[in-house]
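Single-structure report; data block below.
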Amino acid sequence: MKNSFLINDRIYLRPVEPEDLDIMYVMENDPAFWDISCLTVPYSRYILKEYIENSQSDMYADKQIRLMIIRRDDEVTLGTIDITDYAPLHGRGAVGIGLLEPYRGMGYAADALALLCEYAFEFLRFKQLYAHIPADNEASLKLFAGNGFEQSGLLKSWLVSGQSYKDVVIMQRIV
């Protein structure tokens with residue numbers, strides 16, 4: 001087993017800290033993420049502060065974990081990556097990732113996803129990770145496929161987007 005997880009030469013992943021409140025507020029309230037998150041109202045700073053204070057950063061207690069993606073050379077927060085819907089009996093969880101706009105297309109999401117997968121499979125001993133990705137989100141489909149995820153299903157008209165509905169691809173990585 002590796003001596004360290006959640007770190008490579010460019011980034012590291014760490015639990016949410018109180019000083020992350022402002023970045024989380026921006027990300028959670030960005031309408032670009034609302035279709036995927038099923039958010040129907042903006043989050044208040046109060047609600048996010050409560051989430052940060054009450055999270056144990058323990059997969060087994062919280063049934064989820066949110067990690068901040070941090071660039072190593074300057075400690076800039078690039079985004080977040082999550083495992084949610086953790087089902088211990090079945091050894092699976094859902095992956096979500098979001099990068100702030102200026103850091104997209106630079107390979108940081110691929111680094112973060114690779115680190116999260118390594119942690120989940122090698123340390124937490126997950127059997128599988130999965131993601132629901134809008135069928136028209138080619139960048140995310142490529143990201144997950146590049147990290148060993150395979151398409152296992154299609155959910156028709158799953159997400160509302162403006163005045164229409166989008167299909168969602170189910171991607172899985174099973175070890």
Side-chain angles (χ1 to χ4, degrees), residues 1-30 32-37 48 51-52 55-60 62-86 91-152 168-175:
M1 185 183 295
K2 278 181 63 158
N3 290 333
S4 63
F5 290 92
L6 304 177
I7 188 167
N8 71 14
D9 59 329
R10 295 188 342 136
I11 66 165
Y12 64 93
L13 308 179
R14 66 157 172 78
V16 176
E17 299 286 351
E19 60 266 22
D20 297 320
L21 177 62
D22 290 335
I23 287 177
M24 286 182 58
Y25 182 80
V26 168
M27 291 188 72
E28 293 292 345
N29 291 305
D30 182 346
F33 294 118
W34 289 2
D35 287 354
I36 297 167
S37 69
L48 292 170
Y51 167 78
I52 293 168
S55 173
Q56 297 179 43
S57 292
D58 179 346
M59 177 66 68
Y60 302 102
D62 297 337
K63 302 293 187 257
Q64 66 178 8
I65 189 166
R66 168 163 287 182
L67 299 167
M68 305 305 290
I69 305 166
I70 310 297
R71 189 166 51 198
R72 287 184 66 183
D73 64 356
D74 58 7
E75 298 292 313
V76 167
T77 301
L78 309 173
T80 63
I81 190 164
D82 310 287
I83 297 176
T84 60
D85 298 329
Y86 174 53
R92 70 173 179 246
V95 177
I97 187 166
L99 286 182
L100 294 166
E101 182 66 37
Y103 309 113
R104 295 178 190 161
M106 299 177 178
Y108 293 121
D111 285 353
L113 185 54
L115 290 172
L116 185 75
C117 287
E118 181 181 68
Y119 175 69
F121 293 126
E122 294 181 25
F123 185 75
L124 297 175
R125 303 190 193 287
F126 272 47
K127 174 67 177 165
Q128 68 175 288
L129 291 171
Y130 64 93
H132 293 98
I133 303 169
D136 63 351
N137 189 335
E138 293 178 23
S140 287
L141 292 169
K142 183 178 175 183
L143 167 68
F144 280 84
N147 271 280
F149 285 72
E150 296 179 0
Q151 182 174 339
S152 61
V168 166
V169 174
I170 302 170
M171 302 284 290
Q172 289 178 286
R173 181 170 167 185
I174 302 172
V175 296

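Here Phe144 contributes atom CZ and Glu150 contributes atom CD; the two are 14.0 Å apart, rounded to the nearest 0.5 Å. Atom OH of Tyr51 sits about 10.5 Å away from atom CG of Asp20, to the nearest 0.5 Å. Summarising the geometry, atom CD belonging to Gln128 is positioned 4.5 Å from atom CD1 belonging to Ile174; distances are rounded to the nearest 0.5 Å. Residue Ile70 holds its CD1 atom at 12.0 Å from CG of Leu6, rounded to the nearest 0.5 Å. Atoms CE and CG, from Met24 and Leu48 in turn, are 5.0 Å apart once rounded to the nearest 0.5 Å. Rounding to the nearest 0.5 Å places CG of Leu113 at 10.0 Å from OG of Ser140.
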Inset, instruction - Start with the C-alpha gap between Arg14 and Thr77, add the side-chain angles, then the distance that decides, and say whether side chain to side chain contact (heavy atoms under 4.5 Å, CB included) holds. - result: CA-CA 10 Å; Arg14 66 157 172 78; Thr77 301; 4.2 Å; yes
Inset, instruction - Might you work through the side chain to side chain contact (heavy atoms under 4.5 Å, CB included) test for Ile97 and Thr80, ending with a clear yes or no? - result: CA-CA 6 Å; Ile97 187 166; Thr80 63; over 6 Å; no
Inset, instruction - Start with the C-alpha distance between Leu99 and Ile69, add both sets of side-chain angles, then the distance that settles side chain to side chain contact (heavy atoms under 4.5 Å, CB included), and finish with yes or no. - result: CA-CA 8 Å; Leu99 286 182; Ile69 305 166; 3.8 Å; yes
Legend entry - salt bridge (charged side-chain N to carboxylate O under 4.0 Å, His left out) between Glu28 and Arg66, worked out: CA-CA 13 Å; Glu28 293 292 345; Arg66 168 163 287 182; 2.6 Å; yes
Inset, instruction - Evaluate the side chain to side chain contact (heavy atoms under 4.5 Å, CB included) criterion for residues Asp82 and Leu67: first the C-alpha distance (whole Å), next the side-chain angles of each, then the deciding distance (0.1 Å), finally the verdict. - result: CA-CA 6 Å; Asp82 310 287; Leu67 299 167; over 6 Å; no
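Heavy-atom neighbours of Glu138 CD from other residues, nucleotides or ligands within 6.0 Å: at or below the threshold of 12. Within a 6.0 Å sphere centred on NZ of Lys142, heavy atoms belonging to other residues, nucleotides or ligands number 12 at most.
Ser55 is not listed as a side-chain neighbour of Val16, based on a closest heavy-atom distance of 4.5 Å or more. The closest side-chain heavy-atom distance from Ile83 to Leu129 is below 4.5 Å. Using a 4.5 Å heavy-atom threshold, the side chains of Leu141 and Met171 count as touching. In this structure, Tyr60 and Leu124 have side chains that are in contact, with non-hydrogen atoms separated by less than 4.5 Å.
A donor-acceptor contact shorter than 3.5 Å links the side chain of Asn8 to the backbone of Ile11. A donor-acceptor pair under 3.5 Å links the side-chain atoms of Asp74 to the main chain of Val76, judged by distance alone. One N or O on the side chain of Arg173 and one on the backbone of Asn147 form a donor-acceptor pair closer than 3.5 Å. Using a distance-only test at 3.5 Å, with no hydrogens or angles considered, no donor-acceptor pair links the side chain of Arg92 to the main chain of Lys127.
Classification of the Phe5-Phe123 ring pair by plane angle, with boundaries at 30° and 60°, yields tilted.
The two residues Pro102 and Met106 make their nearest non-hydrogen contact at O-CE, 3.2 Å. Taking every heavy atom of both residues into account, Ala109 and Leu143 meet most closely at C-CD1, 3.6 Å. In plain terms, the two heavy atoms of Ser152 and Gln172 that are nearest each other are OG-OE1, 2.8 Å. Minimum heavy-atom separation, Ala112 to Leu13: O-CD1, 3.8 Å. Glu101 and Arg104 make their closest contact through OE1-NH1, 2.5 Å (heavy atoms, listed as atom of the first residue, atom of the second, distance).
Taking the ring centre of Tyr12 as origin, the terminal cationic atom of Arg72 falls outside the region bounded by 6.0 Å and 45° from the ring axis.
Residues Tyr130 and Phe149 place their aromatic rings such that the two centres sit no closer than 6.0 Å.
Not a single ring pair (Phe, Tyr, Trp, His ring centres under 6.0 Å) links Tyr25 to another residue, sequence neighbours left out.
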